[in-house]
Amino acid sequence: MKLKRLPSLLSLVAAILFSCQSKTTNESAMKPAENDVHSFAQPNDARVTHLHWRARVDFETKTIKAIASWTIETNPDTDIILLDTKGLNIEKITLDEDVPTTFRLAESDSLLGEALAVLIRPTTKKVNIHYQTSPEAEAIQWLSPQQTSGKQFPFLFTQSQAILARSWVPCQDSPGVRFTYNAEVIVPKDLLALMSASNPSSKNAEGVYHFEMKQPIPSYLLALSVGDFVFAPISDRSGVYAEPGVIDTAAWEFVDMEKMIAGAEVLYGAYPWERYDVLVLPPSFPFGGMENPRLTFATPTLLAGDRSLTSVIAHELAHSWSGNLVTNATWNDFWLNEGFTVYFETRIMEKLYGRDYAEMLASLNLHGLKEEVQSMLQDGHGADTRLKLNLKGRNPDEGVTEIAYIKGYYFLRSIEEQHGRGKFDAFVKDYFKQNAFQGMTTERFVPFIKDYYQKQFALSLDDAFFNKWIFSEGLPDDCPSPASVKFNEVDKVITNWKSTQELEYDVTKNWSTHEWLHFLKNLPAKLTLPQMASLDEAGGFTASGNAEIITVWGVLAIQHHYEKAYPKIETFLINTGRRKFLMPLYGEMIKTKEGKKRALSIYGKARPNYHYVATSSLDKLLEVKL
Ligand code: BES
Ligand code: ZN
């Protein structure tokens with residue numbers, strides 16, 4: 001066991017405790033895990049395999065009091081196990097059936113938290129950690145009744161990805177470490193608890209709920225939500241949980257969920273997690289969706305009323321294979337999770353709604369990717385435009401860019417296009433099958449796909465191709481380009497509008513959200529106020545209930561000082577916590593002095609509604625020091 005990763009100012013006792021450190025032996029039957037710069041754990045010496053979590057959720061004190069009993073596997077000569085924690089108040093730790101032991105928490109690192117070292121014996125099978133979360137636990141958002149749809153009951157949800165699980169469960173918080181879990185969770189009697197596991201479908205009188213996750217998962221997929229939920233089935237194996245006032249809308253919006261699961265299975269193999277349900281959260285949820293196994297967490301901004309934003313559900317569902325089954329071994333390999341998932345998502349959408357629909361999505365994505373690549377290269381962040389990242393000493397959140405998602409997608413698509421879809425589909429299916437429930441690094445992915453194409457199709461894939469896409473900056477010149485007939489029509493309307501200043505109502509009246517998004521993103525860079533006003537009148541953008549449209553339009557409105565949209569932008573920013581919408585709107589506002597003042601004033605009102613994930617990005621953007 002290497003001690004150098006523990007900060008040096010440990011107490012004397014700890015020094016004695018650690019002086020009998022063991023070396024890693026080669027006799028170990030344990031499979032080696034990747035070195036993860038975002039975790040203190042040393043899973044090659046001692047690792048967790050199962051979690052038994054008993055917890056009581058207290059909305060009064062905003063804390064969870066819990067016992068995390070970890071079943072462990074160790075090398076014979078290892079005498080400590082290292083776990084990740086952040087802000088946990090640890091009361092005591094025992095081994096096996098309550099044998100006392102010694103533990104130490106290392107000095108706090110503002111990003112990674114506090115390493116927890118527990119003294120174990122060669123025969124130790126279980127480590128029982130009695131602890132309480134801090135009211136500021138970064139993964140957990142505690143919502144007042146006012147912040148929910150029903151306004152009657154409090155609400156809680158967790159967001160563990162990437163390295164926040166450690167703020168609510170002491171764990172080996174690395175995507176390369178997997179474990180099964182079961183849990184008993186006690187909540188106020190009028191509320192229901194749900195986890196990323198087998199779930200209840202209704203409340204019980206005791207407020208005590210039991211969960212089981214039989215397949216091994218990494219810690220970033222641990223999830224809990226507590227609130228006033230009801231359930232609506234969509235098929236035998238899927239359904240929606242939401243607050244009572246939202247459930248019908250949600251069940252209508254996501255009606256195609258079973259078709260998505262079935263379509264995904266036809267593409268890349270049987271759905272491996274039994275059930276697939278979606279939980280619609282309150283608007284402060286910082287993401288579009290989060291692929292918690294068996295229970296995707298989703299933002300209510302997907303409920304557009306026209307089913308136009310359901311590709312996010314296809315995306316989270318696709319993660320059931322790409323990510324949850326074959327997992328990026330470290331956050332530097334994040335593109336393996338997201339690039340594959342965008343590829344799979346796009347294929348699901350194509351299967352259900354046709355090629356042109358999928359090409360619209362791919363085209364909107366490419367637009368965003370090009371913008372981001374350009375600004376990253378300009379701002380001196382060129383290294384982050386590589387698929388393989390180096391996030392050492394940085395927050396893995398900084399790797400959440402269009403690169404992992406969309407450059408990753410286009411990389412895979414270009415393999416598909418070069419050698420044919422039949423071959424690529426056979427590869428993807430086998431890639432999931434052969435690496436199921438394991439971590440994958442970029443460095444192992446390259447030989448894996450090369451071997452596969454060689455053995456199956458006698459094709460040798462070129463190293464230069466991989467180097468160009470994975471280890472080089474920017475976007476290769478031969479990046480595939482999507483072709484959408486519908487978007488070609490939109491382009492014609494734009495051309496026509498430029499010369500006549502008229503929008504052809506007969507054409508635009510049938511446009512979907514995607515066509516309008518393409519339209520708004522391809523308008524001339526400079527617009528006059530009368531042009532903004534007439535566009536608004538024709539497209540109804542300021543009045544739109546679609547969060548994607550409001551965001552793109554809002555950015556245009558701020559750029560062009562179109563003040564009529566300002567009140568709408570303000571209410572939207574106060575009521576929505578999804579980072580993807582907040583960042584561009586605030587980001588555009590702060591480009592002028594006047595705008596920055598407005599941004600800060602809105603942020604002052606909105607910040608209490610946002611999750612830590614959003615405030616940590618926005619505090620930086622707006623240079624707010626607390
Ligand atoms: N797993 C991600 C969300 C995430 C990434 C959380 C990194 C924390 C760290 C999720 O699957 C995702 O990608 N969500 C997207 C949706 C999407 C369709 C691109 C989102 O929230 O916008
Ligand atoms: Zn994703």
Side-chain angles (χ1 to χ4, degrees), residues 38 138-139 141 157-165 167 173 175 196 217-223 254 260 276 278-281 283-293 295-302 304 308-328 330-349 358 361-362 364-366 368-369 372 389 391 394-409 513-514 517 547-548 551 576-584 611-614 616-617:
H38 294 112
E138 291 164 351
Q141 193 176 12
F157 68 86
T158 63
Q159 168 58 42
S160 297
Q161 195 182 10
I163 53 169
L164 303 180
S167 74
D173 202 5
S196 50
I217 60 161
S219 55
Y220 79 89
L221 296 175
L222 279 172
F254 302 149
M260 287 182 177
Y276 181 75
V278 171
L279 166 63
V280 179
L281 292 169
S284 68
F285 184 58
F287 293 105
M290 175 64 213
E291 66 271 27
N292 297 314
L295 185 67
T296 283
F297 283 15
T299 165
T301 61
L302 300 186
S308 63
L309 304 179
T310 57
S311 63
V312 175
I313 300 297
H315 178 98
E316 305 314 331
L317 169 67
H319 271 305
S320 307
W321 291 261
S322 44
N324 299 3
L325 193 60
V326 183
T327 309
N328 53 204
T330 77
W331 298 116
N332 290 331
D333 305 297
F334 184 55
W335 79 272
L336 283 171
N337 270 20
E338 297 300 343
F340 262 97
T341 298
V342 173
Y343 181 83
F344 196 169
E345 161 202 347
T346 312
R347 292 293 302 277
I348 294 172
M349 296 310 276
L361 299 176
L364 288 168
N365 282 339
L366 184 59
L369 172 64
E372 183 140 22
L389 297 170
L391 296 167
R394 295 160 67 193
N395 193 325
D397 240 30
E398 293 182 33
V400 186
T401 69
E402 301 286 318
I403 300 301
Y405 288 82
I406 315 302
K407 187 180 176 184
Y409 164 79
T513 303
H514 306 103
L517 287 173
E548 299 277 352
T551 303
T576 316
R578 188 172 167 192
R579 189 171 62 176
K580 175 183 156 188
F581 300 140
L582 305 181
M583 295 299 279
H611 184 276
Y612 166 79
V613 162
S616 64
S617 300

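If you're wondering where the values come from, they're calculated on a predicted model, not measured in any experiment. The basis for the numbers below is simple: all heavy atoms, side chains too, and nothing from hydrogens, waters or symmetry mates. In each ligand, atom 1 is the first atom listed, and ligand 1 is the first ligand listed.
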Is the backbone of Ala614 close enough, under 3.5 Å, to the side chain of His611 for a donor and an acceptor to pair up by distance?
no

Checking one value in my table: which N/O/S atom of Glu338 lies closest to the Zn ion (ligand 2)?
OE1

Suppose I only count heavy atoms of Glu338 and a 4.0 Å limit; which atoms of ligand 1 are within that range?
1 (N), 2 (C), 11 (O), 13 (O)

Tell me, which protein residue and heavy-atom name are nearest atom 4 (C) of ligand 1, and how many Å apart are they?
Gln161 OE1, 3.2 Å

Tyr343 and Tyr405, any side-chain heavy atoms less than 4.5 Å apart
no

Protein contact of atom 22 (O) of ligand 1 - nearest heavy atom, named by residue and atom, plus distance
Arg578 NH2, 3.5 Å

Give the residue and atom name of whichever protein heavy atom lies nearest to atom 16 (C) of ligand 1, and the separation in Å to one decimal.
Glu316 OE2, 3.7 Å

Arg579 heavy atom under 4.0 Å from ligand 1:
no

To which protein heavy atom is atom 18 (C) of ligand 1 closest, and what is the distance rounded to 0.1 Å?
His315 CG, 3.6 Å

Which heavy atom in Ser219 sits nearest to a heavy atom in Asp173, and how many Å separate them?
OG-OD1, 2.6 Å

Quick one: does Phe334 get within less than 4.0 Å of ligand 1, heavy atoms only?
yes

Could you check whether the rings of Tyr220 and Trp331 sit parallel, tilted or perpendicular, using 30° and 60° as the cut-offs?
perpendicular

Atom 21 (O) of ligand 1: closest protein heavy atom, distance to 0.1 Å, is Gly288 N, 2.5 Å

N/O donor-acceptor pair under 3.5 Å between Thr299 side chain and Thr301 backbone
yes

Proximal heteroatom of His319 relative to the Zn ion (ligand 2) (N/O/S):
NE2

Ignoring hydrogens and angles, tell me if any N or O in the side chain of Asn328 forms a donor-acceptor pair with the backbone of Trp335 under 3.5 Å.
no

Donor-acceptor pair, side chain of Thr341 and main chain of Ser322, under 3.5 angstrom:
yes

Residue His319 vicinity, atoms of ligand 1 by number, heavy atom under 4.0 Å:
11 (O)

To which of Tyr220, Phe287, Tyr405 does the heavy atom nearest atom 13 (O) of ligand 1 belong?
Tyr405

With side chain to side chain donor-acceptor pair (under 3.5 Å) as the criterion, how do Glu372 and Thr401 come out once you've worked through the C-alpha distance, each side chain's angles and the decisive distance to 0.1 Å?
CA-CA 8 Å; Glu372 183 140 22; Thr401 69; 4.7 Å; no

